[in-house]
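Only one structure is covered here, and it is reproduced in the block below.
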Number of protein chains: 2
Amino acid sequence: MKLEQAIQSTKFKNEVHKATLNVLYTAWWLKTLMSKELKEFGLTHEQYNVLRILKGKHPEQMCVKDIGCRMIEKNSNVPRIIDRLELKKLVKRNDSEFDKRETVITLTQSGIAVLEATTGKVTALLESEVLMDDKDAKSLNGLLEKLRAGE
Amino acid sequence: MKLEQAIQSTKFKNEVHKATLNVLYTAWWLKTLMSKELKEFGLTHEQYNVLRILKGKHPEQMCVKDIGCRMIEKNSNVPRIIDRLELKKLVKRNDSEFDKRETVITLTQSGIAVLEATTGKVTALLESEVLMDDKDAKSLNGLLEKLRAGE
DNA sequence: TATTTTTATATGTATATACATGTATTTAAT
DNA sequence: ATTAAATACATGTATATACATATAAAAATA
């Protein structure tokens, strides 16, 4: 679907303005798509993101700050996302021995199982819905990084 | 900044997977950038979006549904965003004469003034931070629509 | 060593998102 | 004409986002 249809507007100041709206809309579209699959597992998008980050270091523990700086949405409130994952017994909090300010987190066996099942489903969904070859994806990655060049 | 630095990860399944994360991250980056400017005017990103949509039809009134389907994030709770804009006297609610189920909304004079001031600032900010020429923006728009082709 | 500053996390508040439900009104079906 | 279905909006709840503040511990400084 063209952006014009999606937001029922044709008035863009220029192509750059249209591109900013297009990025925002595409992100919403992707999130909505993934959330439908995640919901089956009782997970939200950001809970899933935290589980995947923990998986990357497993079986090592990670402190809250290190999880936070790997999040896609940097202002996510990681302690509260962990609260909910802990309630579902998918992660476990421990006090750090090296630095008593830190809380360190690990995946539980249950967390690993849920993450693996979820990842399979999400990957399959994206493969079937995101119809883009590697060459185009590479161009897209380059352009997005160009857009953020001033970061 | 490269995505790899931004989310401190280099493990992407493939370029398409990286592109999905890159879109999500870029959207967050854009929203954060704009929010900084909007905050000066006491507006949130979605409140600003509603004001801009109303501007497109002004001085005509728009019903809640028509605003909703022009929103970038479709699941936004438009009545509640309007509640806050109404409290700030930036918009006005009226009962529709044609269909008593509808509430129709218009910008107030104050709303128009705030919107114009805000738009000027936001536009200037994007021009200075989004360093991309029209040609690249056009390619980017094409690729994003390719990504969502199955929509 | 004592004090200050910084860091890591948690908590509080307002708004937003996602979704379910309730209510009034309109449209369609019987 | 009456009933049923659909529509428009509002409201309620759980979670997330954005940001301010609080608390404890570590690091830096006097």
Side-chain angles (χ1 to χ4, degrees), chain A residues 24-25 27-51 61-88 90-91 93-105, chain B residues 24-25 27-51 61-88 90-91 93-105:
Chain A
L24 295 173
Y25 177 72
W28 172 81
W29 182 79
L30 282 169
K31 275 171 121 172
T32 304
L33 199 65
M34 290 176 68
S35 293
K36 269 176 198 157
E37 210 61 62
L38 293 172
K39 210 187 154 192
E40 307 285 318
F41 295 89
L43 291 175
T44 66
H45 198 269
E46 291 310 291
Q47 287 172 10
Y48 177 65
N49 197 7
V50 168
L51 292 180
Q61 299 189 313
M62 288 183 80
C63 72
V64 175
K65 196 196 80 163
D66 286 346
I67 296 171
C69 68
R70 282 172 174 77
M71 297 285 284
I72 293 172
E73 322 230 342
K74 300 297 180 197
N75 292 323
S76 293
N77 202 328
V78 182
R80 232 133 19 180
I81 295 172
I82 293 169
D83 286 345
R84 277 141 207 160
L85 290 172
E86 202 178 21
L87 275 173
K88 286 181 267 199
L90 301 179
V91 305
R93 269 189 169 97
N94 281 104
D95 294 331
S96 169
E97 293 176 14
F98 307 102
D99 185 335
K100 287 183 180 171
R101 292 170 301 181
E102 288 182 352
T103 305
V104 288
I105 323 289
Chain B
L24 295 174
Y25 177 72
W28 172 82
W29 182 79
L30 282 169
K31 274 171 122 171
T32 304
L33 199 64
M34 291 176 68
S35 293
K36 270 175 197 155
E37 210 61 60
L38 294 173
K39 211 188 153 190
E40 306 286 319
F41 295 88
L43 291 175
T44 66
H45 199 271
E46 291 309 291
Q47 286 172 11
Y48 178 65
N49 197 6
V50 169
L51 292 180
Q61 300 190 314
M62 287 183 81
C63 71
V64 175
K65 196 197 80 164
D66 286 347
I67 296 170
C69 68
R70 282 172 173 78
M71 298 285 285
I72 293 173
E73 324 229 343
K74 301 297 180 194
N75 293 323
S76 295
N77 201 330
V78 182
R80 230 127 29 178
I81 295 173
I82 293 169
D83 287 345
R84 276 138 207 161
L85 291 172
E86 203 179 19
L87 274 173
K88 288 182 264 197
L90 301 178
V91 303
R93 268 189 170 98
N94 281 105
D95 294 331
S96 169
E97 294 176 15
F98 307 102
D99 184 335
K100 287 182 179 171
R101 291 169 302 181
E102 288 182 350
T103 305
V104 288
I105 323 289

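To find a chain, count down the sequence lines: A is the first, B the second, and so on, and within it residues start at 1.
With DNA chain D read from its 5' end, the first of the two nearest nucleotides for B/V64 and A/F98 is the one closest to B/V64. Mapping A/P79 and B/D99 onto DNA chain C by nearest heavy atom places A/P79 at the nucleotide closer to the 5' end.
Taking a 6.0 Å sphere around NZ of A/K100, one finds it holds 12 or fewer heavy atoms contributed by other residues, nucleotides or ligands.
For the pair A/K100 NZ and C/dT7 C1', the interatomic distance rounds to 17 Å; values are reported in whole Å. Separating the CD1 atom of A/I67 from the C1' atom of C/dA8 is a distance of 13 Å, rounded to the nearest angstrom. What separates CG of A/D83 from P of C/dA10 is a distance of 7 Å, to the nearest Å. Put simply, CG on A/D95 is 19 Å from P on D/dT23, counting in whole angstrom units.
Dashed line: the shortest gap from a side-chain N or O of B/K65 to OP1 or OP2 of D/dA8 is under 4.0 Å. When the side-chain nitrogen and oxygen atoms of A/S96 are compared with OP1 and OP2 of C/dA8, none of them lie within a distance under 4.0 Å. The phosphate of D/dA10 (OP1 or OP2) has a side-chain N or O of B/R93 nearer than 4.0 angstrom.
Minimum interatomic distance between A/V104 and A/S96 (heavy atoms only, all atoms of both residues): CG1-CB, 4.1 Å. The minimum heavy-atom distance linking A/L38 with A/Y48 is given by the pair CD2-CG, 3.6 Å. Residues A/I81 and A/M71 come closest through the heavy atom pair CD1-CE, 4.1 Å.
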| said: One character per nucleotide, please: for nucleotides 13-19 of chain D, 5' to 3', B when the base has a protein heavy atom closer than 4.0 Å, S when only the sugar-phosphate does, - otherwise. | reply: B-SSBBB
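Looking at heavy atoms from C-beta onward, B/K88 lies in side-chain contact with B/L43 at the 4.5 angstrom threshold.
Side chain of B/K74 to main chain of B/C69: a donor-acceptor pair is present (N/O by atom type, distance under 3.5 Å, no hydrogens or angles).
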